[in-house]
Amino acid sequence: MEESVFNKGAEKRGVSSLIHDDVFTHDEIDKLVSVPKFIKEDASFSHNINFFIKRPGGYYILLLILMFKFREIPCTIEMLHHYIPHSVCSKATLSNIINEALQKEMVIKEDCKKDRRIKIIIPSQSLIDEWTKMKNAVLEDLGTE
């Protein structure tokens with residue numbers, strides 16, 4: 001029988017094997033998982049991410065913008081319209097989210113080098129930093145880092 005990731009994480013942090021149905025104290029959780037403590041101590045770290053998450057379809061927009069950036073694929077509003085289902089986020093909502101993110105400097109709009117009519121959407125460095133910090137904390141807690 002395979003050992004769960006949870007138990008591996010517990011052993012990694014020096015906590016004996018735990019039963020799934022146990023109720024833990026906050027101190028026990030802090031020894032096992034860094035994300036809740038991390039969020040509580042620095043709630044401002046995810047300001048930009050929260051902007052996207054609290055809007056309909058915003059999480060998809062955030063993921064696609066970041067994924068395209070890390071894969072070095074130019075991201076345009078037209079691409080976002082294509083990949084995000086209309087049932088999740090209408091074109092108007094998507095445009096409003098992008099425009100507000102531009103105003104708040106969470107994303108940057110640049111002209112395409114090949115065709116200046118096309119605008120490329122790029123995540124700001126602060127958005128990338130927030131995402132990286134959150135991703136690393138979650139991966140560490142999962143024991144995959």
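- Nearest heavy-atom pair, Gly57 versus Cys89, reported as atom, atom and distance to 0.1 Å: CA-CB, 3.8 Å.
- Using a 4.5 Å heavy-atom cutoff, the side chains of Phe52 and Leu127 are in contact.
- Side-chain contact between Cys75 and Ile122: absent, with no pair of heavy atoms (C-beta onward) separated by less than 4.5 Å.
- Remark: the Gln103 side chain and the Asn99 side chain contain no N/O donor-acceptor pair separated by less than 3.5 Å.
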Check the pair Lys109, Ile121 against side chain to side chain contact (heavy atoms under 4.5 Å, CB included), reporting the backbone distance first and the verdict last. CA-CA 5 Å; Lys109 189 189 292 189; Ile121 305 297; 4.2 Å; yes

Go through the steps to decide whether Ile77 and Leu94 satisfy the test side chain to side chain contact (heavy atoms under 4.5 Å, CB included), and finish with yes or no. CA-CA 8 Å; Ile77 291 177; Leu94 189 148; 3.9 Å; yes

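- With a 4.5 Å cut-off on side-chain heavy atoms, Lys69 and Ile128 count as touching.
- For the atom pair CD1 of Ile65 and CE of Met106, the computed distance is 11.0 Å after rounding to the nearest 0.5 Å.
- Ile61 CD1 to Ile84 CD1: the interatomic distance, rounded to the nearest 0.5 Å, is 4.5 Å.
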Please lay out, stage by stage, how Glu100 and Asn96 fare under the test side-chain hydrogen bond (donor to acceptor under 3.5 Å, both in side chains). CA-CA 6 Å; Glu100 192 173 340; Asn96 288 338; over 6 Å; no

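- For the pair Ser90 (side chain) and His86 (backbone), a donor-acceptor distance under 3.5 Å is absent.
- Interatomic distance, CG of Leu62 versus CE of Met67, reported as 11.0 Å (0.5 Å rounding).
- Residues Phe68 and Ile120 are not in side-chain contact: their nearest non-hydrogen atoms beyond the backbone lie 4.5 Å or more apart.
- Using a 4.5 Å cut-off on side-chain heavy atoms (C-beta onward), Asn48 and Trp131 make no contact.
- Note on Tyr83 and Ile118: separate hydrophobic clusters, where clusters join Ile, Leu, Val, Met, Phe, Trp and Tyr whose side-chain heavy atoms are under 4.5 Å apart, directly or indirectly.
- Taking each heavy atom of Lys119 and Arg116 in turn, the nearest pair found is NZ-O, 3.1 Å.
- Contact of the Ser95 side chain with the His81 side chain is registered, since non-hydrogen atoms from C-beta on lie closer than 4.5 Å.
- Contact check for Ile97 versus Phe51: side-chain heavy atoms found under the 4.5 Å cut-off.
- Between Leu102 and Ile108, every side-chain heavy-atom pair lies at or beyond the 4.5 Å cut-off.
- Considering NZ of Lys91 and CD of Glu78, their distance stands at 9.0 Å, rounded to 0.5 Å.
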